[in-house]
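Read the structure below first, then the notes.
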Number of protein chains: 2
Amino acid sequence: MHMISLLLHMGIFSKTCEYAIRSVFFIAHKTADGGRVGIKEIAKGISSPEPFLAKILQDLSRRGIVQSVKGPNGGFFMDKNTLKRPLADVVEAVDGNNLFTGCGLGLEYCSESNPCPLHHEFKDIRNKIHHMLLTTSIEDFNDDLNLGIISLKK
Amino acid sequence: MHMISLLLHMGIFSKTCEYAIRSVFFIAHKTADGGRVGIKEIAKGISSPEPFLAKILQDLSRRGIVQSVKGPNGGFFMDKNTLKRPLADVVEAVDGNNLFTGCGLGLEYCSESNPCPLHHEFKDIRNKIHHMLLTTSIEDFNDDLNLGIISLKK
DNA sequence: ATAATAAAAGATATAGATGTCTTTTATTAT
DNA sequence: ATAATAAAAGACATCTATATCTTTTATTAT
Ligand code: FES
Ligand code: FES
């Protein structure tokens with residue numbers, strides 16, 4: 001009678017979103033002075049599977065979270081405005097806004113009139129998460145990344 | 001050029017865990033006076049697919065979170081001790097403890113020495129979630145469920 | 001113009017989470 | 001003992017997230 005189950009992921013964000021956040025931090029810090037950075041370097045810099053990350057960045061590019069140019073000396077970068085956007089924009093682009101608005105116990109709607117048992121507690125936690133993501137901008141960690149006191153690699 | 005992607009789940013807990021929490025609340029409140037409650041009634045009471053819920057309850061039963069007896073008048077119930085256990089035990093049994101200890105950005109280890117950019121913010125939020133789940137017991141909502149002022153159904 | 005580069009797009013593959021079905025085992029009532 | 005009941009167990013199915021591969025398109029340098 002076995003009973004192995006492992007349990008791979010289960011964090012607050014999807015893996016896709018984790019890679020997305022790590023990559024925008026990486027791109028922001030690498031191209032703060034105006035250059036571009038290629039997919040290979042990004043993938044290495046954040047320990048992510050390159051082809052998967054490519055898909056994610058394509059999506060972020062379509063949604064205007066990152067910019068890109070093809071060809072020699074091409075790569076990904078972010079303009080001044082994008083650098084100032086809150087991290088919440090990235091999360092919402094990838095994982096949607098269920099984390100900010102959905103019921104923590106999976107009820108179809110989170111509402112005051114038909115609340116689940118944990119409604120009030122969840123509302124508080126959701127708000128804290130949302131607030132944190134709204135008050136953190138993409139460029140906020142450029143300096144710390146340069147100093148090497150924080151990490152984006154597994 | 002389509003661009004539909006839907007995005008089904010993405011909450012804090014897995015669907016399995018959502019069903020698990022809703023079902024322990026339901027069983028606790030239904031059997032507070034000593035009876036038992038069958039899988040059909042539980043599934044209806046929390047709007048979950050019955051066979052899937054059966055699997056989940058089997059697992060919770062093996063792990064000692066719920067008790068059960070087979071045969072006529074059988075069903076699921078919880079003993080006095082279990083009723084007092086914190087909700088965190090249920091979450092940990094189903095989703096593991098990654099939510100409480102893992103890195104929010106997906107780094108292999110969450111650590112002070114090699115922190116991700118959001119480490120301090122995440123630690124704070126994780127602790128709040130953990131604290132909430134540790135200070136909430138399975139039986140805490142029996143009265144409110146009897147009064148019908150909170151809901152477990154979609 | 002041509003060749004080289006690098007991202008975009010599309011098709012395909014794999015694994016894990018979610019959901020279902022069938023058979024077996026334990027318990028109870030007759 | 002037998003039949004009825006209800007959960008346990010095991011096998012199977014499906015769908016979504018995750019990951020990979022190949023071809024196309026845009027850009028740059030020669
Ligand atoms: S109803 Fe569940 S969090 Fe609001
Ligand atoms: S290192 Fe990321 S949360 Fe601690």
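Reminder, nothing fancy here: chain letters follow the sequence lines and each chain counts from 1.
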Within 45° cone of B/Y19 ring axis and under 6.0 Å: B/K15 NZ or CZ: yes
Protein-nucleotide distance (A/N98, atom CG; D/dA17, atom P), rounded to Å: 12 Å
List the atom pairs, with distances to 0.1 Å, where a side-chain N or O of residues 80-90 of chain B and a protein N or O form a donor-acceptor pair under 3.5 Å, not counting sequence neighbours.
unit_1	atom_1	unit_2	atom_2	d
B/T82	OG1	B/D79	OD1	2.6
B/K84	NZ	B/E139	OE2	3.1
B/R85	NE	B/D89	OD2	2.9
B/R85	NH1	B/G64	O	3.3
B/R85	NH2	B/D89	OD2	3.3

Contact nearer the 5' end of DNA chain D, comparing B/A54 with A/L53: B/A54
Residue-phosphate contact under 4.0 Å: A/Y19 side-chain N/O, D/dA19 OP1/OP2: yes
Length of the line joining A/Q67:CD and D/dA26:P, which is rounded to integer Å: 18 Å
Under the ring pair (Phe, Tyr, Trp, His ring centres under 6.0 Å) test, residues paired with B/H130 that sit two or more places apart: B/F100
Salt bridge (Lys or Arg N to Asp or Glu O under 4.0 Å) against B/D143, all qualifying residues, sequence neighbours excluded: none
Partner residues of B/S151 under the side-chain contact (heavy atoms from CB on, under 4.5 Å) criterion, sequence neighbours left out: A/L107, A/N114, B/K153
Pairs satisfying salt bridge (charged side-chain N to carboxylate O under 4.0 Å, His left out), at least one member in residues 97-119 of chain B, at least two apart: B/E112-B/K123
Sort me out a list of protein N/O and nucleotides 5-7 of chain D N/O pairs below 3.5 Å, or just none if empty.
unit_1	atom_1	unit_2	atom_2	d
D/dA6	O4'	B/G71	O	3.1
D/dA7	OP1	B/I39	N	3.1
D/dA7	O3'	B/S68	OG	3.3

Please table the atom pairs, donor to acceptor, closer than 3.5 Å between any side-chain atom in residues 32-56 of chain B and protein atoms at least two apart or in another chain.
unit_1	atom_1	unit_2	atom_2	d
B/R36	NH1	B/N73	O	3.4
B/S47	OG	B/K154	N	3.1
B/K55	NZ	B/Q58	OE1	3.3

Distance in angstrom units between A/K55 NZ and D/dT22 C1', rounded: 11 Å
Stems where DNA chain D pairs, listed by first number, each of three or more Watson-Crick or G-U pairs under 3.5 Å: C:1-30 with D:1-30
Distance-minimising heavy-atom pair for B/C110 and B/G102: CB-C, 4.0 Å
Contacts of type ring pair (Phe, Tyr, Trp, His ring centres under 6.0 Å), residue B/F141, not counting sequence neighbours: B/F25
Shortest side-chain distance from B/K15, nucleotide among D/dA11, D/dT20, C/dT18: C/dT18
Sugar-phosphate only, base, or nothing, as touched by B/P51 at under 4.0 Å among non-hydrogen atoms: base
Spacing of A/F52 atom CZ relative to C/dA15 atom C1', expressed in whole Å: 12 Å
Below 4.0 Å: OP1/OP2 of C/dA17 and any side-chain N or O of B/S14: no
Gap between atoms CG and P, on B/D59 and D/dA9 respectively (whole Å): 10 Å
Atom pair distance, as rounded to whole Å: CD1 in A/I46 and P in D/dA19: 11 Å
